[in-house]
Amino acid sequence: MKKLLFGAFILSFISACNSDNISNQEDISQDPGSLSGITTSKRACPSDLIREKALKDDPALRARFETNELQSEKFSRDVMMGKVLADGTVEIPVVFNVIYNTAAQNISDARIAEQIAVLNADYGATNSDVSNIPTAFQSSKAGDVKIRFKLVATNRKQNTKTGWKSNLNEMKKSTTGGINATDASKNMNIWVVNSILDENGQPGTLGYAYYPESAGLWYDGLVIGYQYIGKTGAFAPFNLGRTVTHEVGHYLNLPHLWGSSNTGCQTDYSNDTPVSPGPNYGTPSYPLSRVCGGVSRSQMFMNYMDYVDDKAMFMFSANQKTRMQAVVSASGPRAGLR
């Protein structure tokens, strides 16, 4: 198994993902004395809107994004022509940075280990619910993505803050009460906090991540609410560790299924995921058809990059696998294999 050492590719756009708007929530539970217990039954994510604005406002960032996409397309063509042999598995070292207020928010080593196990199962296609993939999508399933995750360190710090704004990244700086990344050029850092707030200070966000254009920068990595780590003690309906699976997907260059804008019916750069007008929620029943451009298509709502509940998502597609492998290939933005 090869170990992935992330290269210092520059600039970024935030993937403020799994953000649940409190105005849409149906069930709220409150952890006494803090915002940290707020949860919701409906998943939503403004990440690609933030990315879209960044690309529009910064021509240099747009150029880096286009370069990355060209590299991904070239890798895909090379795979089809037999130039790339998928005979090795990339191992990504993971560092957890746990910032807590109350003892209940200081998640255990067991929960962290549980989350790593979920990642390895979901990306290795050994998850128990992979057998639920509908017959219509069997030919499109990714199978083993050939990416694994290994916990290398856990850092912990207590702080009196009851919430952390996603647009400030204060949880990633020791000078603002957070924890500095452990060598973001070599590790995938995951910050676990008590409550993630939007730029207006409103709680409800499950987590967010940065796309590959941020590889190696001080803020590169994921931020996840402690409520959604692992399985034991996690908050339903996001209690199977799939918030992290979803965010790692963004980290490895996967947009949402409806594209990089919440207007929907746009490309997600994977031709084997049916075009979607927007997110699906809860636990839909298959088949579910929705319309884009006057054409009704069966939805791959069980894909990890949709917004359904944890128990309703259990697959990546083959094209998504290729995009992720392009990111960790020798020429990809998170490359540097040893």
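FYI, the numbering just counts along the sequence from 1. The figures here come from the full heavy-atom set of this structure, side chains too, leaving out hydrogens, waters and symmetry mates. Keep in mind it's a predicted model, so treat the numbers as computed, not measured.
A donor-acceptor pair under 3.5 Å is formed between the side chain of Q105 and the backbone N or O of N101. Side chain of Q115 to main chain of G230: a donor-acceptor pair is present (N/O by atom type, distance under 3.5 Å, no hydrogens or angles). Judged by distance alone, with hydrogens and angles left aside, the side-chain atoms of N120 form a donor-acceptor pair with the main-chain N or O of F149 at under 3.5 Å. With hydrogens and angles disregarded, no donor-acceptor distance shorter than 3.5 Å links the side chain of S270 to the backbone of T273. Remark: side-chain polar atoms of S108 are paired, donor with acceptor, to backbone N or O of R111 under 3.5 angstrom. Using a distance-only test at 3.5 Å, with no hydrogens or angles considered, no donor-acceptor pair links the side chain of N303 to the main chain of D306. Judged by distance alone, with hydrogens and angles left aside, the side-chain atoms of N200 form no donor-acceptor pair with the main-chain N or O of Q202 at under 3.5 Å. Within the 3.5 Å criterion, the main-chain N or O of D144 finds a donor-acceptor partner in the side chain of K321. Between the side chain of Q320 and the backbone N or O of S317 there is at least one donor-acceptor pair closer than 3.5 Å. Between the side chain of Y123 and the backbone N or O of T245, at least one donor-acceptor pair lies under 3.5 Å.
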Could you pull out every donor-acceptor pair under 3.5 Å between side chains of residues 290-302 and any protein atom, sequence neighbours left out?
| residue | atom | partner | partner atom | Å |
| --- | --- | --- | --- | --- |
| R290 | NH1 | G278 | O | 3.0 |
| R290 | NH1 | P279 | O | 3.0 |
| R290 | NH1 | N280 | OD1 | 3.1 |
| R297 | NH1 | C292 | O | 3.2 |
| Q299 | OE1 | S276 | OG | 2.9 |
| Q299 | NE2 | V275 | O | 3.2 |
| Q299 | NE2 | R297 | O | 3.3 |

Scan the side chains in residues 171-178 for donor-acceptor partners under 3.5 Å anywhere in the protein, sequence neighbours excluded, and list what turns up.
| residue | atom | partner | partner atom | Å |
| --- | --- | --- | --- | --- |
| K172 | NZ | N169 | OD1 | 3.3 |
| K172 | NZ | Y219 | O | 2.6 |
| S174 | OG | N180 | ND2 | 3.3 |
| T176 | OG1 | E170 | O | 2.8 |
| T176 | OG1 | K173 | O | 3.2 |

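By the 4.5 Å heavy-atom criterion applied to side chains, L222 and M188 are counted as neighbours. A 4.5 Å side-chain heavy-atom check between K311 and T283 finds at least one atom pair inside the cut-off.
For F314 and Y304, the ring centers are positioned 6.0 Å apart or more. Ring-centre distance between Y211 and Y251: not below the 6.0 Å cut-off.
Checked for salt-bridge contact, D122 and R242 meet the test: a charged N lies under 4.0 Å from a carboxylate O. Between D109 and R156 a salt bridge is recorded (basic side-chain N to carboxylate O distance below 4.0 Å).
Classified by interplanar angle (parallel below 30°, tilted 30° to 60°, perpendicular above 60°), the ring pair Y286/F137 is perpendicular. Ring geometry for H256 against W258 counts as parallel: the plane angle stays under 30°, on a 0 to 90° scale with 60° as the upper cut.
Using a 4.5 Å cut-off between side-chain heavy atoms of Ile, Leu, Val, Met, Phe, Trp and Tyr, with links allowed through other members, I116 and L240 fall into different hydrophobic clusters. Tracing side-chain contacts under 4.5 Å through hydrophobic residues (I, L, V, M, F, W, Y), one reaches M315 starting from I147; they form part of the same cluster. Residues V118 and I224 are members of separate hydrophobic clusters, defined by side-chain heavy-atom contacts under 4.5 angstrom among Ile, Leu, Val, Met, Phe, Trp and Tyr. Side-chain heavy atoms closer than 4.5 Å link hydrophobic residues (I, L, V, M, F, W, Y) into clusters, and following such links, even through other members, never connects L197 to L168.
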Report task. Test side-chain hydrogen bond (donor to acceptor under 3.5 Å, both in side chains) on N239 and Q227 and set out the steps. Result -> CA-CA 8 Å; N239 56 346; Q227 306 96 321; over 6 Å; no
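For F96, the ring pair (Phe, Tyr, Trp, His ring centres under 6.0 Å) criterion is met by no residue, not counting sequence neighbours.
Checked against N97 for a side chain to side chain donor-acceptor pair (under 3.5 Å), the options T154, N155, T182 give a single hit: N155.
Note that CZ of F238 is 11.0 Å distant from OH of Y307, once rounded to the nearest 0.5 Å.
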